[in-house]
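One structure is given here, and the rest of the page talks about it.
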Amino acid sequence: MTHIKLLTERCISSGNCVDVAPHAFDMDDAGLVVALVDEVEHGARRQVEAAAQVCPVQAILLEG
Ligand code: SF4
């Protein structure tokens, strides 16, 4: 399983990750990214990887 680590201090609220993987990411009231899941199922990894790639500030790290 892949673990999602967020560097929220980098988040600039672009929303790209939410557009690409809405099952895994959302924004809080302050507009900062939050993860809806801690661990990514194997079948959803590609979508979460795509979300990490479209983040303009590399705030989404995938471990494992
Ligand atoms: S794509 Fe990156 S900067 Fe944009 S909301 Fe997601 S984590 Fe924040």
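When reading the values below, keep in mind they use all heavy atoms of this one structure, side chains included, and skip hydrogens, waters and symmetry mates. Residues take their numbers from the sequence shown, with the count starting at 1. Counting convention: from 1, in listed order, for ligands and their atoms alike.
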**Report entry** Expected output: side-chain T2 to main-chain L62 donor-acceptor under 3.5 Å
**Finding:** no
Report task. Using a strict 4.0 Å cut-off to heavy atoms of V57, name the atoms of ligand 1 that fall inside it. Result -> 3 (S)
Query raised in the report: Which heavy atom of the protein is the closest neighbour of atom 6 (Fe) of ligand 1, given with residue, atom name and distance?
Result: C17 SG, 2.3 Å
Query - Metal check, atom 2 (Fe) of ligand 1 vs C11 N/O/S, cut-off below 2.8 Å - result: no
Query - Side chain, backbone, both or neither: the part of V18 lying under 4.0 Å from ligand 1 by heavy atom - result: neither
Report summary line: When every non-hydrogen atom of I60 is compared with those of C55, the smallest separation belongs to CD1-CB, 4.4 Å
Query raised in the report: With D26, which of V33, V34, L32 fulfils side chain to side chain contact (heavy atoms under 4.5 Å, CB included)?
Result: V34
Report summary line: In ligand 1, the atoms that come under 4.0 Å of a heavy atom of G15 are 4 (Fe), 5 (S)
Requested in this report: Tell me which protein heavy atom sits closest to atom 4 (Fe) of ligand 1, plus the residue, atom name and distance to 0.1 Å.
Outcome: S14 OG, 2.2 Å
Requested in this report: Look at the side chain of R45 and the backbone N and O of V40, then say whether any donor-acceptor pair between them is shorter than 3.5 Å.
Outcome: no
Query raised in the report: With a cut-off of 2.8 Å, does any N, O or S atom of N16 fall short of it relative to atom 4 (Fe) of ligand 1?
Result: no
Query raised in the report: Where the side chain of H3 meets the backbone of G64, is there a donor-acceptor pair that is under 3.5 Å apart?
Result: no
Report task. Record the part of I12 in heavy-atom contact with ligand 1 below 4.0 Å; permitted values are side chain, backbone, both and neither. Result -> both
Query raised in the report: Does CD in Q47 sit with more than 12 non-hydrogen atoms of other residues, nucleotides or ligands closer than 6.0 Å?
Result: yes
Report summary line: Quick note on ligand 1: atoms under 4.0 Å from a heavy atom of C55 include exactly 1 (S), 2 (Fe), 3 (S), 7 (S)
